[in-house]
Amino acid sequence: MSIGQITKHRQLGLTDGQALEMYTYMLKARMFDERCFLLQRSGKIAFHVSGIGQETAQVAAAFALSRGEDYFLPYYRDYGFVLSVGMTLKELMLSVFAKAEDPNSGGRQMPGHFSHKKLNIVTGSSPVTTQVPHAAGIALAAKMKRKNFVAFATFGDGSSNQGDFHEGCNFAGVHKLPVIFMCENNQYAISIPLHKQVGGSIAERAHGYGFPGVKVDGRDALEVYRVVKEARERALRGEGPTLIEAVMYRIPPHSTSDNDLLYRTPEEVEENRAKDGLPRFKQYLIDCGLWSETQDAELAAAIKRELVEATNYADDAPFPAPEDTLKHVYAEQREG
């Protein structure tokens with residue numbers, strides 16, 4: 001590895017501390033994900049959708065955006081992203097345990113339906129891809145009010161074939177809106193491989209709507225950071241949207257209700273596990289002289305302690321009260 005490659009994060013404007021912080025969030029998301037599998041298998045939680053293999057791009061994108069200013073519309077695998085923009089492991093655990101304190105939905109929705117008003121994370125819904133036109137609408141508000149922020153939406157490759165995706169892209173292109181669409185192309189729409197659901201390139205679809213489409217290695221954290229940062233700068237200059245196709249691989253099954261060996265082989269999974277972006281970024285930090293295996297073990301131990309504390313807290317927290325079933329469903333009637 002050349003000197004230039006070793007210091008690439010600095011060339012992109014990232015400090016050594018930020019590069020290490022990015023890795024911390026990647027590992028935190030990975031360990032949260034692994035614990036949720038154990039919790040589901042032990043009967044503690046009902047369901048889990050994994051983001052293992054996608055954390056690299058999620059965290060890198062978050063670091064290229066402006067926390068506290070931009071608006072985020074993540075999809076259901078984006079644990080790395082929401083942690084990076086301010087959510088805590090305790091909040092995520094409250095969500096998977098469906099407890100009343102869950103900031104996403106008060107324990108009403110399935111895990112992965114992220115929402116956090118203070119962090120500008122916009123409520124997600126179960127029908128996939130609805131966040132794309134929502135992001136376009138938020139970006140329209142930014143343009144109309146002359147506000148200096150962008151909207152950022154993520155979704156899977158399967159979602160890129162839904163009507164909402166095309167309508168959102170068309171609207172954003174017509175109005176040159178400050179919005180970034182990032183497809184986390186993990187090669188499968190549940191059980192359907194990419195070659196059976198997409199004809200051509202997802203990124204190239206952007207050209208039909210009048211704005212750039214960029215295809216990037218989603219397992220290369222610094223490349224994802226660079227592309228998202230450039231897309232944000234472009235949006236703020238008034239040059240309109242960008243579609244980013246971050247190519248990666250979904251290492252685990254689609255969810256804890258899925259048997260992935262019905263549609264792919266163990267050999268395919270292992271081949272892609274060897275290309276995982278998390279150890280790749282860890283090795284980059286080691287090559288830079290910023291990290292070591294000893295530090296890595298210490299970090300993992302600290303995250304494990306945090307996870308145990310968050311799990312115990314969420315497990316003991318109360319469920320939503322039955323009398324609160326219709327709370328937030330109807331508007332409160334006001335006198336006068």
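Below, each value reflects all heavy atoms present in this structure, side chains not excepted, and no hydrogens, waters or symmetry copies.
- For the pair Arg205 and Cys169, the minimum side-chain heavy-atom distance is 4.5 Å or more.
- Between the NZ atom in Lys28 and the OG1 atom in Thr88 there is a gap of 8.5 Å [rounded to 0.5 Å].
- The two residues Arg219 and Thr56 have their closest heavy-atom pair at O-CG2, 3.8 Å.
- If you look at Phe281 and His9, their ring centroids are not closer than 6.0 Å.
- You'll find the side chain of Thr154 stays beyond 4.5 Å of the side chain of Gln58, heavy atoms only.
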Legend entry - Test log, rule side-chain contact (heavy atoms from CB on, under 4.5 Å), inputs Arg226 and Asp220: CA-CA 10 Å; Arg226 180 186 65 81; Asp220 186 334; over 6 Å; no
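- Through side-chain heavy atoms spaced under 4.5 Å, either directly or across other Ile, Leu, Val, Met, Phe, Trp or Tyr residues, Phe149 is tied to Tyr71, Leu73, Val122, Ile138.
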Inset, instruction - Could you go through the side-chain contact (heavy atoms from CB on, under 4.5 Å) check for Ile121 and Phe81 one step at a time? - result: CA-CA 10 Å; Ile121 300 174; Phe81 183 87; 5.7 Å; no
Inset, instruction - Please lay out, stage by stage, how His254 and Ser191 fare under the test side chain to side chain donor-acceptor pair (under 3.5 Å). - result: CA-CA 8 Å; His254 169 73; Ser191 60; over 6 Å; no
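- Rounding to the nearest 0.5 angstrom, the gap separating the CD atom in Gln54 from the CG atom in Asn186 is 4.5 Å.
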Inset, instruction - Please lay out, stage by stage, how Thr130 and Asp164 fare under the test side chain to side chain donor-acceptor pair (under 3.5 Å). - result: CA-CA 6 Å; Thr130 54; Asp164 288 284; over 6 Å; no
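- The shortest side-chain heavy-atom distance between Val308 and Arg35 falls under the 4.5 Å cut-off.
- Under a cutoff of 6.0 Å and an axis angle of 45°, Arg67 and Phe63 form a cation-pi pair.
- Contact of the Tyr249 side chain with the Glu268 side chain is registered, since non-hydrogen atoms from C-beta on lie closer than 4.5 Å.
- When hydrophobic residues (I, L, V, M, F, W, Y) are linked wherever their side-chain heavy atoms come within less than 4.5 Å, the members clustered with Tyr313 are Leu94.
- Between Leu299 and Trp291 there is a side-chain heavy-atom pair separated by less than 4.5 Å.
- The distance from atom CD of Glu21 to atom OG1 of Thr24, rounded to the nearest 0.5 Å, is 7.0 Å.
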Inset, instruction - Could you walk me through whether Asp70 and Arg232 pass the side-chain contact (heavy atoms from CB on, under 4.5 Å) test, one step at a time? - result: CA-CA 10 Å; Asp70 296 337; Arg232 184 176 188 274; 2.7 Å; yes
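- Interatomic distance, Glu167 CD to Tyr209 OH, rounded to the nearest 0.5 Å: 9.0 Å.
- For Leu262, the side-chain contact (heavy atoms from CB on, under 4.5 Å) test picks out Asn259, with sequence neighbours left out.
- Ion pairing between a basic and an acidic side chain is recognised when a charged N comes within 4.0 Å of a carboxylate O; Glu239 and Arg237 show such pairing.
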Inset, instruction - With side chain to side chain donor-acceptor pair (under 3.5 Å) as the test, would you mind laying out the steps for Gln197 and Asp157 before giving the verdict? - result: CA-CA 9 Å; Gln197 44 144 329; Asp157 47 292; 2.6 Å; yes
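- Salt-bridge check for Arg250 with Asp260: failed, with every basic side-chain N at 4.0 Å or more from each acidic carboxylate O.
- Just one residue in the list Phe165, Tyr75, Tyr76 forms a ring-ring contact (aromatic ring centres under 6.0 Å, His included) with Phe155, and that residue is Phe165.
- No salt bridge links Glu204 with Lys215; every basic N to acidic carboxylate O contact stays at or beyond 4.0 Å.
- In this structure, the side chains of Asp78 and Met182 stay at 4.5 Å or more apart for every pair of heavy atoms.
- Two residues are said to be in side-chain contact when any heavy atoms from C-beta on lie closer than 4.5 Å; Val132 and Gln162 fail this criterion.
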Inset, instruction - For side-chain contact (heavy atoms from CB on, under 4.5 Å), just list the numbers for Val329 and Arg108, CA-CA rounded to whole Å, side-chain angles, deciding distance to a tenth of an Å, and then say yes or no. - result: CA-CA 11 Å; Val329 175; Arg108 293 162 179 262; 4.2 Å; yes
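- Inter-residue side-chain proximity for His48 and Pro111 is flagged as unmet; no heavy-atom pair is nearer than 4.5 Å.
- Put simply, Tyr284 and Leu20 are part of the same group of oily side chains (I, L, V, M, F, W, Y) that touch within less than 4.5 Å, one to the next.
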Legend entry - Glu293/Lys282 under salt bridge (charged side-chain N to carboxylate O under 4.0 Å, His left out): CA gap, chis, key distance, verdict: CA-CA 9 Å; Glu293 292 293 350; Lys282 170 187 167 183; 3.0 Å; yes
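- Gln40 places no side-chain N or O within donor-acceptor distance of the main-chain N or O of Leu38, the cut-off being under 3.5 Å.
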